[in-house]
Structure formats: C-alpha cells, structure tokens
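Notes follow the structure.
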Amino acid sequence: MVLGQHGFARTTTNRIAERAGVSIGTLYRYFPTAEALVEAVVHRMWARELELFEARAAELSAQPLDRIVGSLIDSLVAQMARQRVLYMRWYGEASHLGRLELGLEMTNRAIDLVEGWIRAHERSVRDGHARNLRFAADLVVKTTMAVVRTAARDYPEQVESGELARELTVMITRYLTG
C-alpha cells in the first residue's frame with residue numbers, strides 16, 4: 001500500500017492514483033484532498049477493529065471472561081500485525097486524522113459488547129467494577145486499543161512472538177477480576 005510504503009506525509013494523490021490504476025480526476029471525484037483519502041483509510045482501519053468485536057459476539061458470549069478477553073486481544077493484535085506498517089505510520093504521523101465522532105461511535109459499539117460480556121460474568125468481576133460496568137468496559141476497550149495500536153510501532157518483536165497478546169490478556173483479566 002502506498003501509505004505504508006511512503007508514509008502519510010510523502011504520499012501523493014498521483015502515487016495513489018497510479019497504484020490504483022485510475023486517473024487523478026477519478027481519484028479526486030471520490031476524495032477531494034489527500035487528507036480525505038487518508039481519513040477514509042483510517043476509518044476503514046477502525047471499522048475492521050470494530051468488526052472483530054461484532055463478528056464473534058455470539059460465539060464469545062458463552063465463554064468464560066478470561067477467554068473473551070484473550071480472544072479479543074488475540075484478534076486485535078493479529079489484525080494490527082497484518083497491517084503493522086499502516087498502523088505504525090498512522091500512529092506516528094497521522095493519528096490526528098479521522099472524524100473523531102465516527103471513531104467514538106465505533107468505540108461505543110465495542111464498549112456496548114464488552115459491557116454485555118462483563119455483565120454476563122458479573123459474579124467473577126471484582127466488586128468495584130460491579131458498580132460501574134460501563135466504566136470498566138470503556139477502560140478495557142480504550143486501553144486495549146491504545147496498547148495494540150502503539151505496539152505496531154514500539155513492540156514488533158513482542159507482537160510477532162505473541163508476548164504482547166499474552167501480557168495484555170493477563171493485565172486486562174486481572175483488572176476485571178482483581
């Protein structure tokens with residue numbers, strides 16, 4: 001992908017049009033600026049992350065809490081690893097791009113799912129969280145996403161080896177179950 005290869009700052013609409021096999025005019029019809037195109041890529045990245053939560057919702061709801069946490073983290077880390085260069089570029093160069101309200105909407109949908117899973121396992125959740133499951137779910141989703149996204153840039157070896165997913169699963173599970 002052009003963005004991963006050249007970075008956001010050095011990616012031009014000409015390079016993108018050439019790689020896509022379309023004219024520059026066609027590209028501008030759909031994306032009036034290079035920033036609009038980059039935002040579309042970022043939104044697609046966010047949507048793929050949300051899909052990981054939604055695609056396994058029914059299957060995971062019957063699992064123990066530690067397996068739910070581990071499965072989601074494994075899925076998010078694997079998604080990031082498949083597009084590590086793009087994540088690395090986005091987080092390092094263009095994390096300010098993207099319509100914040102769209103990102104928050106997707107994050108809230110993920111939080112809704114996690115809150116439901118935590119509620120289903122309320123007996124194993126430590127007392128403090130039982131009073132505010134929404135906050136616990138919010139913290140789990142946002143912490144996990146932040147760690148996974150920055151790991152693309154900061155921890156490539158730990159991503160490859162599976163260490164990141166294992167350690168993050170332990171951290172989040174201990175947070176919930178205390």
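Starting from 1, each residue takes its place in the sequence as its number. None of these values were measured; they are calculated from a predicted model.
- Annotation for M80 and A151: closest pair CE-CB, 4.2 Å, computed over non-hydrogen atoms.
- Every pair passing salt bridge (charged side-chain N to carboxylate O under 4.0 Å, His left out) that includes a residue from residues 56-74 is listed here, sequence neighbours excluded: R56-E59.
- The structure places CD1 of I111 at 13.0 Å from CG of L133, a figure rounded to the nearest 0.5 Å.
- Note that the CD1 atom of I73 and the CD1 atom of I68 stand 12.0 Å from one another [nearest 0.5 Å].
- Surrounding OH of Y155 are at most 12 heavy atoms belonging to other residues, nucleotides or ligands under 6.0 Å away.
- Side chain of R126 to main chain of L176: no donor-acceptor pair is present (N/O by atom type, distance under 3.5 Å, no hydrogens or angles).
- Partners of R29 under the side-chain hydrogen bond (donor to acceptor under 3.5 Å, both in side chains) rule, at least two apart in sequence or in another chain, do not exist in this structure.
- Remark: side-chain polar atoms of T150 are paired, donor with acceptor, to backbone N or O of V147 under 3.5 angstrom.
- Looking at every heavy atom in both residues, F31 comes nearest to A40 through CE2-CB, 3.5 Å.
- Inter-residue side-chain proximity for R48 and Q83 is flagged as met; some heavy-atom pair is nearer than 4.5 Å.
- Counting only heavy atoms from C-beta outward, the side chains of I172 and T144 approach each other to under 4.5 Å.
- Grouping the Ile, Leu, Val, Met, Phe, Trp and Tyr side chains by contacts below 4.5 angstrom, directly or via other members, places M171 with F135.
- To the nearest 0.5 angstrom, D138 atom CG is 8.5 Å from T107 atom OG1.
- For the pair L72 and L52, the minimum side-chain heavy-atom distance is 4.5 Å or more.
- Screening residues 161-172 for side chain to side chain donor-acceptor pair (under 3.5 Å) gives no qualifying pairs among residues at least two apart or on separate chains.
- Looking at residues two or more places apart in sequence or on another chain, you find no side-chain hydrogen bond (donor to acceptor under 3.5 Å, both in side chains) involving S124.
- Under a cut-off of 6.0 angstrom, the local environment of CD in E54 is crowded, with over 12 non-hydrogen atoms contributed by other residues, nucleotides or ligands.
- Sorted by first and then second residue, the pairs that involve residues 112-121 and meet side chain to side chain donor-acceptor pair (under 3.5 Å), not counting sequence neighbours, are D112-R134, E115-R119, E115-R134.
- Judged by distance alone, the side chain of T143 and the main-chain N or O of V140 form no donor-acceptor pair under 3.5 Å.
- At least one side-chain heavy atom of E49 sits under 4.5 Å from a side-chain heavy atom of M145.
- The side-chain contact (heavy atoms from CB on, under 4.5 Å) search around A110 returns L50, F53, V141, not counting sequence neighbours.
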